[in-house]
Chemist: 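So that we are looking at the same thing, I have put the structure below in structure tokens.
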Amino acid sequence: MGKFIRRAFLLIFLILFVFIIALRFWQTERTPQGETDLSFKAIELPFTHEADLKGSLPFLASAAIDIDGDMRDELFLGGGDKQADQFFKFENGAFVPLNINIAKGDTDASHGAAYIDIDNDGDNDLFVARESGVWFHENQGGNRFGSRNLNLPLADNTTPLGIGFGDVNKDGLADMYVAGYIKIELVEGETNFSNSYGGFSSLFLNGGDNLWKDISKDAGIWRQHNTFLGVFADLDNDSNSDLIIAQDTGKVETYRGNGAAGFSPITNPSNFAYPMGVAVGDYDNDGLVDLFFSNVGYTLPPALLRGNLTDEDVFNPDHMLFRNDGNLIFSDVSKDMNVARFGFAWGAIFADMDLDGREDILMAQNYARMPAQFLMAKYPGKIFQNYKDGFKPVEKSSGAENPHYGIAPVVSDFNGDGWPDLVWANVAGPSLAYLNQGGDNNRLTVRLPNRAYALNAIVTVKRSDGETLTKQMVTSQGLGSDQGRELIFGLGSANVVDVTILFQNGEVKRIESPPDNSYVIVENR
């Protein structure tokens with residue numbers, strides 16, 4: 001009998017061993033690192049996120065925000081449910097904590113952040129999505145903020161996660177999309193694709209003086225579904241704010257704005273998936289912004305991720321790159337551009353990190369609450385360098401790996417040398433900061449007023465080599481994050497011929513032959 005039991009245990013052990021080896025092989029990211037001139041230097045960032053992974057959703061707020069008007073962004077990182085939020089200023093080669101206290105509840109995790117000059121007084125105001133609701137932190141100058149909960153009429157079952165700004169009715173006031181997720185105590189597993197399950201997201205019209213009206217139903221975008229993020233962008237260059245939504249256990253949703261606070265659905269090539277982070281950028285330099293969405297990837301076999309989908313439902317675990325073909329038509333080019341088969345990821349953004357004139361993709365990876373964590377592979381975060389004919393990961397070869405539980409990349413020129421730097425905002429562990437070591441490529445930086453009339457403005461740069469680069473002023477790329485507002489155009493070895501800025505109200509501003517490597521500030525009007 002004893003011999004039989006020993007053999008049974010040995011057989012179980014061998015089966016488990018083979019399973020683990022097979023699972024790790026399945027999880028492996030098989031694309032080799034690309035060659036790159038990118039080089040990063042790790043710098044000090046004294047912040048460790050304290051998360052209650054059982055009693056709170058596993059997210060944290062982050063933003064690159066200029067709070068003192070010196071045209072250099074500070075860093076904001078949100079705390080866990082019993083942890084203060086923190087601002088940092090880059091000084092003397094490190095991020096130094098600032099003595100700024102902004103109010104939050106005693107047990108109130110900060111999940112998402114976005115900022116704008118909401119009151120048109122010349123400084124950036126901060127909005128933070130917390131378990132207690134959406135908070136408004138009014139910049140009062142001198143590193144002082146006045147804070148209050150907006151007490152928005154969110155559904156009782158909903159925790160706000162993401163905040164996105166757009167002027168949907170073109171009245172010069174910034175409107176707000178608040179992405180909602182079901183409260184942690186109401187979560188029923190993590191693979192529920194039902195339309196009747198989840199939190200509610202809302203579109204709030206700005207009535208001035210921080211008066212907000214929920215117009216979700218009238219606008220045609222009211223629905224129940226766990227949602228990570230909503231981002232406004234002009235997808236068809238018609239000077240109206242369109243809306244892109246990443247919803248958990250669902251599909252990518254895209255809506256065309258009509259310029260009068262109404263929206264209509266846009267067909268896109270998504271199937272059932274776990275779209276989480278949203279990136280907006282023109283990766284192929286055709287003058288139209290494209291869309292990238294992070295997904296669960298290949299951390300687990302798809303059969304374990306389909307949840308309550310039927311056999312007929314098409315499920316896609318791939319990260320998704322949607323090329324904008326014009327006329328609001330999108331093509332899924334993820335496999336062709338080599339960004340599909342990688343591990344679990346959260347926030348994602350476009351940014352030209354090597355300033356060669358092609359947008360790269362950055363993507364945070366790893367999940368702190370993944371079941372059977374000891375069986376899961378850990379991923380280094382992704383910097384997908386754009387080689388024009390495809391993307392290749394270069395986070396290891398460039399020295400900017402992130403071994404922790406990444407939620408979002410935050411990119412800005414923190415040290416003011418003209419090159420975009422990187423912070424990995426990490427949940428339940430230390431965040432990491434990397435300075436871009438630069439190179440020989442020329443660049444042009446354009447900073448627009450961070451006000452409603454500049455949202456989704458289209459900035460076009462013509463280079464001396466015939467290339468044309470396009471960027472939009474978009475808030476809230478990533479996941480629970482907001483990026484630096486400077487638009488850094490990579491010129492390679494070329495020069496700038498001219499710059500054209502098209503605002504949503506039809507106003508056009510032209511800047512002829514700005515010097516290479518210059519910083520162009522467009523003044524408030």
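None of the values given here were measured: they were computed from a predicted structure.
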Chemist: Quick one: does Asp498's side chain get under 4.5 Å of Ile511's, heavy atoms only?
Modeler: no
Chemist: Evaluate the side-chain proximity of Val499 to Pro514: yes if any heavy-atom separation is below 4.5 Å, no if none is.
Modeler: yes
Chemist: With rounding to the nearest 0.5 Å, note down the distance linking CZ in Arg323 to CG in Leu291.
Modeler: 12.5 Å
Chemist: Taking it one step at a time, do Asp482 and Thr475 satisfy side-chain hydrogen bond (donor to acceptor under 3.5 Å, both in side chains)?
Modeler: CA-CA 6 Å; Asp482 211 349; Thr475 74; 5.0 Å; no
Chemist: Any non-hydrogen side-chain atom of Tyr177 less than 4.5 Å from a side-chain atom of Phe165?
Modeler: no
Chemist: Would you say Ser331 and Asp325 are linked by a side-chain donor-acceptor pair, where the criterion is simply a distance under 3.5 Å?
Modeler: yes
Chemist: Between Trp346 and Tyr405, is the ring centroid distance below 6.0 Å?
Modeler: no
Chemist: Applying ring-ring contact (aromatic ring centres under 6.0 Å, His included) as the test, list every pair that has at least one member in residues 453-489; sequence neighbours left out.
Modeler: Tyr453-Phe503
Chemist: Suppose we call two aromatic rings close when their centres sit under 6.0 Å apart. Are Phe322 and Phe293 close by that rule?
Modeler: yes
Chemist: Looking at side-chain heavy atoms only, is the closest gap between Ile458 and Thr470 below 4.5 Å?
Modeler: yes
Chemist: Among side-chain atoms of His319 and Ser294, is any donor-acceptor pair under 3.5 angstrom?
Modeler: no
Chemist: Indicate whether the side chain of Glu190 and that of Tyr367 have a donor and an acceptor atom separated by less than 3.5 Å.
Modeler: yes
Chemist: Ignoring hydrogens and angles, tell me if any N or O in the side chain of Asp360 forms a donor-acceptor pair with the backbone of Asn386 under 3.5 Å.
Modeler: yes
Chemist: Is the distance between the ring centroids of Phe384 and Phe350 under 6.0 Å?
Modeler: no
Chemist: Answer yes or no on whether Arg485 is positioned over the face of Tyr115, meaning its NZ or CZ is under 6.0 Å from the six-membered ring centre and within 45° of the axis.
Modeler: yes
Chemist: For the pair Gln365 (side chain) and Gly381 (backbone), establish whether a donor and an acceptor sit closer than 3.5 Å, ignoring hydrogens and angles.
Modeler: yes
Chemist: Do you see a donor-acceptor pair shorter than 3.5 Å between the side chains of Gln224 and Ser196?
Modeler: no
Chemist: Do the side chains of Ile349 and Val280 get nearer than 4.5 Å, heavy atoms only?
Modeler: no
Chemist: Run the side-chain hydrogen bond (donor to acceptor under 3.5 Å, both in side chains) test on Asp117 and Asn124 for me, step by step, so that the C-alpha distance in whole Å, both residues' side-chain angles and the decisive distance to 0.1 Å come before the verdict.
Modeler: CA-CA 4 Å; Asp117 181 3; Asn124 289 315; over 6 Å; no
Chemist: Starting at CG of Leu60, measure out to NE2 of His111 and round the result to the nearest 0.5 Å.
Modeler: 9.5 Å
Chemist: Give a yes or no on whether the backbone of Ala494 and the side-chain of Glu467 come within a donor-acceptor separation of less than 3.5 Å.
Modeler: no
Chemist: With distance as the sole test, does Asp332 use its side chain to make a donor-acceptor pair with the main-chain N or O of Pro269 at under 3.5 Å?
Modeler: no
Chemist: A side-chain contact here means heavy atoms from C-beta on lying under 4.5 Å apart; do Ile182 and Glu188 qualify?
Modeler: no
Chemist: For Asp66 and Met71, indicate whether the former's side chain and the latter's backbone hold a donor-acceptor pair under 3.5 Å.
Modeler: yes
Chemist: Taking atom OG1 of Thr500 and atom CZ of Arg510, what is their separation to the nearest 0.5 Å?
Modeler: 5.0 Å
Chemist: Hey, is the main chain of Asn456 close enough, under 3.5 Å, to the side chain of Asp234 for a donor-acceptor pair?
Modeler: no
Chemist: Does CG in Asn327 sit with more than 12 non-hydrogen atoms of other residues, nucleotides or ligands closer than 6.0 Å?
Modeler: no
Chemist: Could you state the interatomic distance from CG (Leu243) to CD1 (Ile221), rounded to the nearest 0.5 Å?
Modeler: 5.5 Å
Chemist: Can you name the closest pair of heavy atoms from Ala457 and Ile501 and give their distance?
Modeler: CB-CG2, 4.5 Å
Chemist: Under 3.5 Å, is there a donor-acceptor pair linking the side chains of Asp318 and Ser334?
Modeler: no
Chemist: Answer yes if the side chains of Asn192 and Thr249 hold a donor-acceptor pair under 3.5 Å, and no otherwise.
Modeler: no
Chemist: Is there a salt bridge (Lys or Arg N to Asp or Glu O under 4.0 Å) between Glu253 and Arg223 once you walk through the steps?
Modeler: CA-CA 11 Å; Glu253 293 186 0; Arg223 82 280 185 275; 3.0 Å; yes
Chemist: Is the closest side-chain donor-acceptor distance between Asn240 and Lys170 under 3.5 Å?
Modeler: yes
Chemist: If I compare all heavy atoms of Gly230 with all of Ala179, which pair ends up nearest, and what's the gap?
Modeler: N-CB, 4.3 Å
Chemist: Please check this pair: side chain of Asp248 against backbone of Thr227, looking for a donor-acceptor N/O pair closer than 3.5 Å.
Modeler: no
Chemist: Mind running side chain to side chain contact (heavy atoms under 4.5 Å, CB included) on Gln472 and Asn237 for me, showing each step along the way?
Modeler: CA-CA 10 Å; Gln472 289 188 27; Asn237 293 354; 4.1 Å; yes
Chemist: What I want to check is whether the side chains of Asp354 and Gln385 have a donor and an acceptor closer together than 3.5 Å.
Modeler: yes
Chemist: For Tyr283 and Arg358: C-alpha separation, side-chain torsions, deciding distance, then whether side-chain hydrogen bond (donor to acceptor under 3.5 Å, both in side chains) applies.
Modeler: CA-CA 6 Å; Tyr283 83 89; Arg358 295 189 293 269; over 6 Å; no
Chemist: Measuring from atom CH2 of Trp212 to atom CZ of Phe136, what distance do you get when rounded to the nearest 0.5 angstrom?
Modeler: 8.5 Å
Chemist: Begin with the C-alpha distance, continue with both residues' side-chain angles, and end with the deciding distance and a verdict on side chain to side chain contact (heavy atoms under 4.5 Å, CB included) for Ile163 and Val134.
Modeler: CA-CA 9 Å; Ile163 301 168; Val134 175; 4.0 Å; yes
Chemist: Counting heavy atoms not belonging to Lys251, are there more than 12 under 6.0 Å from its NZ?
Modeler: yes
Chemist: Can you find a pair of side-chain heavy atoms, one from Glu74 and one from Asp68, that are under 4.5 Å apart?
Modeler: yes
Chemist: If I compare all heavy atoms of Asp413 with all of Gly418, which pair ends up nearest, and what's the gap?
Modeler: OD2-N, 2.7 Å
Chemist: Please give me the minimum heavy-atom distance between Ser481 and Ala408, naming the atom from each residue.
Modeler: OG-CB, 3.6 Å
Chemist: Judged by modelled atom types alone, do Arg256 and Ser264 share a side-chain donor-acceptor pair under 3.5 Å?
Modeler: no
Chemist: Is the charged tip of Lys213 near the ring of Phe204: under 6.0 Å from the six-membered ring centre and within 45° of its axis?
Modeler: no
Chemist: I need the Asn316 CG to Leu305 CG distance, nearest 0.5 Å.
Modeler: 11.5 Å
Chemist: Is the shortest distance from a Lys or Arg side-chain nitrogen in Asp85 or Arg130 to a carboxylate oxygen in the other one below 4.0 Å?
Modeler: yes
Chemist: Determine, step by step, whether Leu75 and Phe414 satisfy the side chain to side chain contact (heavy atoms under 4.5 Å, CB included) criterion, reporting the C-alpha distance in whole Å, the side-chain angles of both residues, the deciding distance to 0.1 Å, and the verdict.
Modeler: CA-CA 8 Å; Leu75 175 67; Phe414 290 108; 4.2 Å; yes
Chemist: Which pair of heavy atoms, one from Ser412 and one from Asp73, lies closest together, and at what distance?
Modeler: OG-OD2, 2.6 Å
Chemist: Give me the ring orientation class for Phe232 and Phe263: parallel if the planes are under 30° apart, tilted from 30 to 60°, perpendicular past 60°.
Modeler: tilted
Chemist: Please name the pair of heavy atoms, one in Arg463 and one in Gly492, separated by the smallest distance, quoted to 0.1 Å.
Modeler: NH1-N, 3.9 Å
Chemist: Would you call Asp290 and Glu359 a side-chain contact if the rule is heavy atoms closer than 4.5 Å?
Modeler: no
Chemist: So does Glu512 have more than 12 non-hydrogen atoms from other groups sitting under 6.0 Å from CD?
Modeler: no
Chemist: Under 3.5 Å, is there a donor-acceptor pair linking the side chains of Ser56 and Glu131?
Modeler: yes
Chemist: Any side-chain donor paired with an acceptor under 3.5 Å for Ser194 and Asn308?
Modeler: yes
